[in-house]
Amino acid sequence: MLELRLVQGSLLKKVLESIKELVTDANFDCSATGFSLQAMDSSHVALVALLLRAEGFEHYRCDRNLSMGMNLNNVSKMLRCAGNDDIITIKADDGTDTVTFMFESPNQDKIADFEMKLMDIDSEHLGIPDAEYQAIVRMPSAEFARICKDLSSIGDTVIISVTKEGVKFSTAGDIGTANIVCRQNKTVDKPEQATIIEMQEPVSLTFALRYLNSFTKATPLSETVTISLSSELPVVVEYKIAEMGYVRFYLAPKIEDEEMNP
Amino acid sequence: MLELRLVQGSLLKKVLESIKELVTDANFDCSATGFSLQAMDSSHVALVALLLRAEGFEHYRCDRNLSMGMNLNNVSKMLRCAGNDDIITIKADDGTDTVTFMFESPNQDKIADFEMKLMDIDSEHLGIPDAEYQAIVRMPSAEFARICKDLSSIGDTVIISVTKEGVKFSTAGDIGTANIVCRQNKTVDKPEQATIIEMQEPVSLTFALRYLNSFTKATPLSETVTISLSSELPVVVEYKIAEMGYVRFYLAPKIEDEEMNP
Amino acid sequence: MLELRLVQGSLLKKVLESIKELVTDANFDCSATGFSLQAMDSSHVALVALLLRAEGFEHYRCDRNLSMGMNLNNVSKMLRCAGNDDIITIKADDGTDTVTFMFESPNQDKIADFEMKLMDIDSEHLGIPDAEYQAIVRMPSAEFARICKDLSSIGDTVIISVTKEGVKFSTAGDIGTANIVCRQNKTVDKPEQATIIEMQEPVSLTFALRYLNSFTKATPLSETVTISLSSELPVVVEYKIAEMGYVRFYLAPKIEDEEMNP
């Protein structure tokens, strides 16, 4: 039997909104330690990894490991029916092929339950080795989202270049070229507004803006985003979920890097 | 001669927005007692009844009964040109086939008049007998609108079931099933947030969500909605218009009730 | 060499938004005295004239007169990437065929530069003689925009009639007729809310609402608009840009004036 009660239900709504553009169907894996998901996007280019640790739930009961296949668009439709202040409980009985989402309004006046059939989804679980990254950039998530959106109006790919002084985002397209430089800045009023660069060596990699823009759907989950870069490794774009876990997106760099450089 | 002056002009704007999705052409009936409308929707399934009592107008002059046929979409286009604080006057001279809407800004700096040709519309006036209802639910109108909208993302019809404890809205569709229960609750901070159930006997009826969703266009007119239910009678969904009257929607239940029950 | 630094960068964003619906490609002319543009709309019916005086820039360097042909849609795409608080610098080196827009965030943490190729655009500069107008109306720009939008839902053309008492906007269409009268009013709380009429003689002219609606895209530039009217002269619709200049739109009246009068 599975019963997971999350007081801050809006968080689950945001998680779904952050990944449903990229992934159509996926298995949610429940174990004693947490609720997780790993899935490739439909074009098999990007990888999404979600973790919500058991400790973050008000109540977490998972008697045995369970993999629940769901259409994320349908889950999103159901979660949209939850109010932003609702408590959400996910339930599944042993031996059934359905999952139930229960939404309770804060004053308990309104209780909704939504039942959905589970799907069988083939998926191999990729092991993602811990890696050392040449450069790790932490910056305000809204700033990163704005930059990806702005550059998309000019070009299709972005070159992300990190030096000690800052991180540069460059693109080129039919109408011209664009460079946006964010300087390292630790002396801000609020720590979440800082741009912090940890660098072993300079790195410059090219990515498809289309995917980065999809990743930024996770912006409401966290005020900061961490971008980890190394040559010949997929970039990791991570949005931490306060005290619970994270949504991480992986994307391989494009190889035609130098040719693209404007 | 007809001359009706309504200080709170935004109210007339809201009335039009609330019924124009359902009804295309209709007769507005003016008599010494008030301004009213009764019309079937274009598919002849739902009925709308509007009443604005004479006392609610700042000035109300109606020398003889008058039935003015109008295209509601055109009336809505004209009323949208009225500012939210404007005073609206409806005028019609005897023997003409036009109606004039006059909008005055609060400081009288801007005065607009819109003249529209009247139409001949055949319509029989249905007598709606006063009925005893098995159950009457009064609840926040925004809550009712939210529930109808949420359930529409899952199914096409809703079963409304009333017991002493509360009212349950259920639907089923391809992606799953949904139940939303609103408990009776009289102890709220503001009376318009209460959910109050007056019940003679339990009742459970099925309705097309499409029509209920149209009815909820009247939500801006009132903070509460009253839903009156009886087996074998059309449901009445009523939005009171403060100190003036009401907009009421009538809709017959679907007969395939039991089969739909998930 | 050209280098123009504008602290209030949002102003340049608004200028582009105000004219790009009307004009596709245009030459921006820079001289020692200012930054200007004059262009016909694509159907050669309306004329736009923009002036930003040198004194309005924090830094203004223009070594020799320069005419820079740009696609306004592309410029707008680039300017949309500037934050509303950004400082914008326009740069062009001698002998190159590109222009660079540089955006600096207020705290200098983020610096973006967008480079765009210039185009060769044929354009004769029309001399616009100073004229005496029969009537000049100054009114709140939002009011004028609202009136043009409202009347567009009824008809295609508007008759603007000025008398000492006020200005009347009239239209007629399939669904009826509309008249909106704004009375002269100088005794308002804020001077920008006044409607002021300077009239030599009454005037009544007909214009295509489609163009007036395009002109009102400039509404964010100024709280007031000035409309200068004379028989047999194009109307001038002017939005002043505080301490810097103006955007002016010119439109010839329609000749079938009397026939249209409802």
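Throughout, protein chains are lettered first and strands after them, A, B, ... in sequence-line order, and every chain is numbered starting at 1. In this text the structure is predicted, and so the values were computed from the model without any measurement.
With a 4.5 Å cut-off on non-hydrogen atoms, Ile154(A) touches chain C through its side chain but not through its backbone.
Crowding of Asn107(C) atom CG: a count of heavy atoms from other residues, nucleotides or ligands under 6.0 Å exceeding 12. Within 6.0 Å of CD on Gln108(C) lie more than 12 heavy atoms contributed by other residues, nucleotides or ligands. No more than 12 heavy atoms of other residues, nucleotides or ligands shown are found within 6.0 angstrom of NZ on Lys168(A). Within 6.0 Å of atom NZ in Lys217(A), 12 or fewer heavy atoms from other residues, nucleotides or ligands are found, so the atom counts as exposed in its surroundings. Other residues, nucleotides and ligands contribute more than 12 heavy atoms inside 6.0 Å of the CD atom of Glu3(C). Around CD of Gln193(A), the count of heavy atoms belonging to other residues, nucleotides or ligands within 6.0 Å exceeds 12. The neighbour count for Asp94(C) CG, taken as heavy atoms of other residues, nucleotides or ligands under 6.0 Å away, is above 12. Crowding of Gln8(A) atom CD: a count of heavy atoms from other residues, nucleotides or ligands under 6.0 Å not exceeding 12.
Heavy-atom neighbours of chain A within the stretch residues 15-31 of chain C, taken at a separation under 4.5 angstrom, are nonexistent. The stretch residues 70-83 of chain C places Asn74(C), Lys77(C), Met78(C), Arg80(C), Cys81(C), Ala82(C), Gly83(C) near chain A, each with some heavy atom under 4.5 Å from a heavy atom of that chain.
With Lys110(C) as reference, Ile147(A) is the one residue of Thr195(A), Val181(A), Ile147(A) to meet the side-chain contact (heavy atoms from CB on, under 4.5 Å) rule.
Contact of the Arg183(A) side chain with the Ile111(C) side chain is registered, since non-hydrogen atoms from C-beta on lie closer than 4.5 Å.
Atoms CD1 and CZ, from Ile180(A) and Phe114(C) in turn, are 4.5 Å apart once rounded to the nearest 0.5 Å.
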